[in-house]
Structure formats: C-alpha cells, structure tokens
> 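There's a structure below that I have some questions on.
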Amino acid sequence: MSQTFGTRLAQAMAHHGPLCLGIDPHRHLLHDWGLNDTPAGLSTFSKTVVEAAAETTGVAALKPQVALYERFGSAGFAVLEETLQLAHQADILTIADAKRGDIGSTMQGYAQAWLADGSSLVADAVTLSPYLGYESLRPAIDLALAHQRGVFILALTSNPEGASVQHLGAENDSVAKRVVEAAARDNRGDETLGSVGLVVGATVPAQAAALGIDLAGANAPILAPGYGSQGAEAKSIRDGFGEAWPNVLVNSSRGILQHGPNLGDLKLAIGDARKDLIVK
C-alpha cells in the first residue's frame, strides 16, 4: 500500500460517506436471520454483510466485532479471517474491533496479529484500549504506521462505567483529554487525515466539549459508535461533533443488520443510513 490509512479512509469517506457498518453476529441476530448459532451460521451471516456492502455505495469501512467471532474459538477465528479477506477483495477498509491493550512483548504480539503484513488476521486498522498507559500501545502504533495501517484508541466512550476513568483529572486535564492529545502528537505532520484514530461515542461529544477536549485539533479519524439502534440520531451527531464532524466515521450495526438476511433489504438500509448521515 502506497498511501497511509488516514488518506485511504478519507478517500473512502469522500466517496461513500461517513458510515462504518459493524458486523456484530450476535446470537439473536443469527436466529432472526434463520441461521444456526454455529460457525456455519456465522460464515453465512458475515459473507452476506460483506456482499451487501460491496454491492452498494455507502459503506466506508466494515468493523467486525472480534469477540463475537472469538466466542466460537478457532472456528470463529477462521470465519473472521475469511471475512477480512472477502472485505479486502471487495476493496472495503476493515477495522478489527478487538480493543487490545497490554504491555511490552504481549502488545507486540497483538500488533503482529492485527497489523503486520502476512498475518491471516490482518486488518486495515484495529481498536485499542489505552488504559495501561497510552505509550504501552506504542508497538501497535509504530507497526501500524510502518505498514500504512491505522489504530483507533478508546478516548471517550458512552458506557456508563467509562466516565469513572476517562473523566478523571484536574479541570481541563482529564484522562480522556490526555489520550486525545497523545493521538494528536502522533498525527502531527500528516497532510491529510492522520492514521491514529480515536473512539468517541456518538452520544457523548458534548462531554468532550465539557472536558475541554479539542477533537478537531487531533486530526484523527473518529470512530463514533452509537448511531441507530443505540439511540444517537444523525443531526445530533453532526451538531455534537461540530468542527470535528468531517473526521467522524459513524458506526451502525444492529440498526442495519436487523434488515437482513435479504440482500436487497440490507442495501436499502445502508442507503437510508448514508442519506440520513449526509443530508443536513
């Protein structure tokens, strides 16, 4: 790859819009699609989602939820490998939602699994947790940048428990703000969108403002889960992120996947979400 992940993502968002389609193969969704909660059902589900994304304009990236593959053990990881490969063949960017975070050689191992050329699990980007310290993620950040890939680092999440850690600190010096500022330093010098991204819940951009966090200044792609079935509406997301909105990749999973398994219905749902996010 000759272009950075940030550049490739910016191009995909310019063409398709800001929608990231999460592949969340929950047991109840497999059941609703008439599939068994088995690796075979998981495979059919995943192939259908990739096919729907590939056959329409509107998906800038696919984000498989790793835990929902991992629950099937090695058979689930085999399906995840196949899914990532199918998305790559369809020229769709992938974000492995693994939320990895550790130290030293263990972090290097995670980095090699998700970001190194030749790995069967390699994705265009992976989600990381910084709560062993931002610099503990350095092996993954450096490997991602060396291989023209990216990372998305949890900064400000919408789960109720997150504030007890992410909001801690003196006024205008919260943990979340330090994470965003560290990502901004890693993106400094990038002429287009940086490759060190952030995860900020679609329902919490007002909290970022209250904590004095400059999301736009980070030059980071911002993965924003929470749109659709999780309650965030398109207008509130656009208004909430303000100047940072052009960098926001809005994730929707169940809100679209509930329209399966019919391929045409999935494509219509993708189109509706794209229009909803773009039209002001």
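Quick caveat: nothing in here was measured; it's all calculated off a predicted structure.
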> Can you see whether Gln166 engages Thr157 through a side-chain donor-acceptor pair at a distance of less than 3.5 angstrom?
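Side-chain D/A pair, Gln166 to Thr157: present.
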
> Would you call Arg27 and Arg71 a side-chain contact if the rule is heavy atoms closer than 4.5 Å?
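Contact flag for Arg27/Arg71 side chains = yes.
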
> Any luck finding a side-chain donor-acceptor pair between Ser136 and Tyr131 under 3.5 Å?
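Ser136 vs Tyr131: no donor-acceptor pair found between side chains.
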
> Have Thr7 and Thr4 got a donor and an acceptor in their side chains that come within less than 3.5 Å?
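Distance-only check passes for Thr7 and Thr4.
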
> Does atom CG of Asp91 have more than 12 heavy-atom neighbours from other groups under 6.0 Å away?
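No.
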
> Looking at CG of Leu19 and CG of Asp276, how far apart are the two atoms once the value is rounded to the nearest 0.5 Å?
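If I round to the nearest 0.5 Å, the distance is 10.0 Å.
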
> Mind running side-chain contact (heavy atoms from CB on, under 4.5 Å) on Ile95 and Val126 for me, showing each step along the way?
CA-CA 5 Å; Ile95 302 168; Val126 65; over 6 Å; no

> With a cut-off of 6.0 Å (strictly less than), are more than 12 heavy atoms of other residues, nucleotides or ligands near CD of Glu191?
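It does not: Glu191 CD has 12 such atoms or fewer within range.
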
> Is Asp265 reaching over with its side chain to a backbone N or O of Gly260, donor-acceptor style, under 3.5 angstrom?
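No, the answer is negative, given that no donor and acceptor are paired below the 3.5 Å cut-off.
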
> Has Arg138 got more than 12 heavy atoms of other residues, nucleotides or ligands less than 6.0 Å from its CZ?
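Atom CZ in Arg138 is crowded, with more than 12 foreign heavy atoms closer than 6.0 Å.
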
> Check whether the side chains of Gln65 and Asp24 place a donor and an acceptor atom closer than 3.5 Å, and report yes or no.
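No, because no side-chain N or O of Gln65 sits under 3.5 Å from a partner of the opposite role on Asp24.
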
> With sequence neighbours excluded, tell me which residues meet ring-ring contact (aromatic ring centres under 6.0 Å, His included) with Phe45.
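Listed in chain order: Trp33.
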
> Just checking, is any N or O donor in the side chain of Ser253 or Asn251 under 3.5 Å from an acceptor N or O on the other one?
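Looking only at side-chain atoms, Asn251 and Ser253 do form a donor-acceptor pair, the distance falling under 3.5 Å.
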
> For Ala224 and Ala202, work out which heavy atoms get closest and say how close.
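What the structure gives for the nearest pair is O-CB, 4.0 Å.
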
> State plainly whether the residues Lys99 and Asp97 are in salt-bridge range, i.e. N to O under 4.0 Å.
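Salt bridge: yes.
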
> Within the distance-only criterion (no hydrogens, no angle test), does the side chain of Arg149 pair as donor or acceptor with the backbone N or O of Leu115 below 3.5 angstrom?
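At least one qualifying donor-acceptor pair exists.
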
> Find out whether Arg100 and Trp114 are in side-chain contact, i.e. whether some heavy atom of one side chain is under 4.5 Å from a heavy atom of the other.
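In short, these two side chains touch, coming nearer than 4.5 Å.
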
> Is the number of heavy atoms from other residues, nucleotides or ligands within 6.0 Å of CG (Leu168) greater than 12?
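Buried by this count: over 12 neighbours within 6.0 Å.
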
> Going by atom types alone, do Ser46 and Glu82 pair a side-chain donor with an acceptor below 3.5 Å?
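Per modelled atom types, Ser46 and Glu82 side chains form no pair under 3.5 Å.
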
> Going by heavy atoms in the side chains, are Leu193 and Asn219 under 4.5 Å from each other?
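Yes, at least one pair of side-chain atoms sits under 4.5 Å.
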
